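Please read the structure below before turning to the comments.
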Amino acid sequence: MGTVPISLLSFLSLASLLITATALPLSTSSRWIVDEDGKRVKLACVNWVAHLDAVVAEGLSKQPVDAIAKRITSLGFNCVRLTWPVYLATNDSLASLTVRQSFHNLGLQESIAGVQSNNPSFIDLPLLKAFQEVVSSLGNNNVMVILDNHVSKPGWCCDKSDGNGFFGDKYFNPDLWVKGLTRMATLFNGVSYVVGMSLRNELRGGRGPGQNVNDWYKYMQRGAEAVHSANPDVLVILSGLNYDTDLSFLGNRSVNLTFPGKLVFEVHWYGFSDGQAWADGNPNQVCGLVTDKVKRKAGFLLDKGFPLFVSEFGFDQRGTNVNDNRYLNCFLAAAAELDVEFALWTLVGSYYFSNGVVGVDEFYGLLSWNWCEIRNSSLLQRLSFLQSPFQGPGISDCRKHKIILHPSTGLCLLKVGFMGPLKLGPCSQSDAWVYSSRKVLALKGTYFCIQADELGQPATVGIICTDTNSQWDTISDSKLHLQSKTPNGIEVCLDVDSSNTIITNFCKCLSRDSSCDPGSQWFSLVDSTIASKLISPILQVNTVLDMFGMNML
């Protein structure tokens with residue numbers, strides 16, 4: 001806890017260097033977000049909260065703003081989803097209140113002292129100016145910013161009766177909302193690193209008729225046009241219904257906007273979105289059901305040619321929440337498969353004031369309560385493979401292949417040496433694999449394939465790839481188990497031992513048992529066009545074999 005592995009640090013340093021190469025502003029090309037040069041830019045974001053009662057970006061009493069921004073880039077993120085309330089942009093009395101006054105009104109004397117110590121230049125700034133300074137610090141550190149209108153009235157989000165849920169709700173006046181969007185878009189017009197605006201977080205409930213599709217189109221299209229008119233450079237990001245879990249209505253009715261090349265959709269996906277299903281049910285079955293639901297309600301937009309931004313996902317980083325732990329393995333597999341943009345909830349280690357409580361510890365927070373340490377360093381390794389794109393315009397000229405991801409570690413399957421062993425290692429060093437129509441997993445450019453040799457023993461690599469022990473089925477409801485048969489007919493699945501060596505074991509959790517965890521046996525075959533590590537010439541036997549027509553795959 002709190003210590004980042006050296007190998008991971010080198011990868012993250014590379015990621016932060018790649019951020020500076022982005023040619024802004026951003027736009028869309030079919031399902032991809034691209035820079036001015038037409039090269040894909042993957043949004044690898046973290047949420048930073050600034051919409052609560054104090055209307056001050058959290059953590060400024062704990063660490064200097066520049067140190068926080070630098071920490072974000074050092075952890076491999078290229079983007080922050082920065083939250084804000086409508087009233088900050090529409091209520092001049094609130095916007096002109098100083099940071100000191102805002103804290104004083106809430107009785108937060110300790111926060112005043114903390115900001116005076118860590119960010120003295122902020123303490124007497126008006127709230128709106130303080131918000132701008134946070135954005136400036138992020139930009140100065142090569143972090144792109146997405147401005148997320150989280151609520152109207154400052155405070156915690158979200159429930160159906162908080163008055164912030166849907167157009168026409170107690171605190172959600174559509175005209176005031178459009179005014180706020182327009183002012184915020186205008187304020188940051190010409191600020192290149194403000195790359196997007198998310199129009200509204202988690203539409204839901206509301207009084208009167210409550211959430212409905214017709215009002216969604218009416219007001220979201222109006223808000224989108226207002227933002228684009230005020231700031232044509234930013235991406236316009238639209239959320240769905242039911243706490244931003246449902247965009248299925250877009251399957252039958254498109255958004256009608258006057259401008260092209262800027263529209264992105266966002267979706268949220270948490271373990272608690274499905275109650276305690278992950279803990280109470282069989283993980284394979286729950287993963288299959290929930291993944292299919294997310295694809296049906298939001299993932300289909302990728303096939304329709306729109307980028308999809310998972311603008312909130314997260315889990316209890318103490319590691320003791322079974323529901324969240326199981327969910328995260330499934331989420332990471334799906335996010336890699338779909339190669340989507342994302343924003344982790346949350347950067348925040350603690351809040352000044354939330355739901356009437358001072359100094360609340362945020363267990364979903366990437367940083368610790370004092371904003372000094374990493375709360376769960378293993379998460380960084382598991383996220384690192386997601387922070388870079390797998391494919392898209394300008395990424396690589398390589399032909400599409402597979403990388404074999406192990407979601408519970410964030411590592412990928414590598415072949416070590418001439419004939420193995422197969423081990424887990426950094427996905428940046430992943431071998432390129434081909435999954436043939438005969439269900440053979442072969443090293444791209446060779447005739448070497450993965451084989452099941454003996455129960456409980458390491459999987460092997462061989463060149464006789466016609467037997468059943470070279471065929472691997474994706475089984476279980478999750479489709480994340482890779483199953484084969486040993487030469488003596490025992491059905492086995494790929495697994496990982498304590499040294500990260502790939503072995504074969506009996507397949508786990510294929511029944512309705514809810515007490516088992518199949519995470520060690522979950523592998524995701526992810527499409528990629530990233531150039532793989534070079535293969536030794538001795539392995540490249542296909543040219544000779546092709547001369548004799550010996551295509552065994």
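These values consider heavy atoms only, across backbone and side chains, with no hydrogens, waters or symmetry-generated copies. Since the model is a prediction, treat every value here as computed from it, not as a measurement. Along the sequence shown, residues carry numbers from 1.
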Are [X] and [Y] side-chain neighbours, meaning at least one heavy-atom pair lies under 4.5 Å?
X	Y	answer
I374	L75	yes
F309	I33	no
F265	L263	yes
C465	F448	no

Decide whether [X] and [Y] meet the rule of one side-chain donor and one side-chain acceptor closer than 3.5 Å.
X	Y	result
S198	D148	yes
N500	H406	no
N141	D66	yes

Any pair with a residue in [range] that passes salt bridge (Lys or Arg N to Asp or Glu O under 4.0 Å), sequence neighbours left out, goes on the list, sorted by first then second residue, please.
range	answer
residues 323-338	K295-E337
residues 506-518	none
residues 461-470	none

Determine whether a donor-acceptor pair (N or O, by modelled atom type, separation under 3.5 Å) exists between the side chain of [X] and the backbone of [Y].
X	Y	answer
R40	W32	no
N469	A452	yes
W369	G359	yes
Q285	D477	no
S436	R438	yes
N325	G319	yes
Q451	I464	yes
K42	N78	no
W472	I450	yes
N282	S511	yes

Could you tell me which residues satisfy side chain to side chain contact (heavy atoms under 4.5 Å, CB included) with [X], sequence neighbours excluded, listed by chain and number?
X	answer
S528	F390, H401, I403, I530
W371	W48, E58, K62, Q63, I68, L347, V348, S350, L367
E454	Q457
N488	T486, I490

Spacing of [atom1] belonging to [X] relative to [atom2] belonging to [Y], to within rounding of 0.5 Å:
X	Y	atom1	atom2	result
L405	C427	CG	SG	5.0 Å
L480	N284	CG	CG	7.5 Å
L414	W433	CG	CH2	8.5 Å
K479	T291	NZ	OG1	12.0 Å
M144	L138	CE	CG	11.5 Å
S368	N376	OG	CG	12.0 Å

Could you go step by step and tell me if S514 and D280 meet the side-chain hydrogen bond (donor to acceptor under 3.5 Å, both in side chains) rule? CA-CA 6 Å; S514 63; D280 296 341; over 6 Å; no
For [X] against [Y], the heavy-atom pair lying closest together:
X	Y	answer
T83	A50	OG1-N, 2.7 Å
L422	A459	CD1-CB, 4.0 Å
L386	F342	O-CE2, 3.3 Å
N47	T346	O-OG1, 2.9 Å
N323	G271	ND2-O, 3.5 Å
C449	V440	CB-CG1, 3.6 Å

Return a table of donor-acceptor pairs under 3.5 angstrom between the side chains of residues 327-334 and protein atoms on other chains or two or more places apart.
{"residue": "Y327", "atom": "OH", "partner": "W269", "partner atom": "O", "Å": "2.7"}
{"residue": "Y327", "atom": "OH", "partner": "G314", "partner atom": "N", "Å": "3.4"}
{"residue": "N329", "atom": "OD1", "partner": "R382", "partner atom": "NH2", "Å": "2.4"}

Looking at K485, I'd like to know if its NZ atom is crowded, meaning that more than 12 non-hydrogen atoms belonging to other residues, nucleotides or ligands lie closer than 6.0 Å. no
Only pairs at least two apart or in different chains count here, so list each side-chain hydrogen bond (donor to acceptor under 3.5 Å, both in side chains) that has a residue in residues 304-316.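 Those involving residues 304-316 are R81-E312, E266-S311, H268-S311, Y270-E312, D316-R318.
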Just jot down the ring-ring contact (aromatic ring centres under 6.0 Å, His included) partners of Y243, sequence neighbours excluded, or say none.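 Partners of Y243 by the ring-ring contact (aromatic ring centres under 6.0 Å, His included) criterion come out as none, since no residue qualifies.
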Mind checking ring-ring contact (aromatic ring centres under 6.0 Å, His included) for H150 and listing every partner two or more places apart, or none if nothing turns up? H51, W345
In chain order, what residues pass the side-chain hydrogen bond (donor to acceptor under 3.5 Å, both in side chains) check against K402, with sequence neighbours excluded? D527
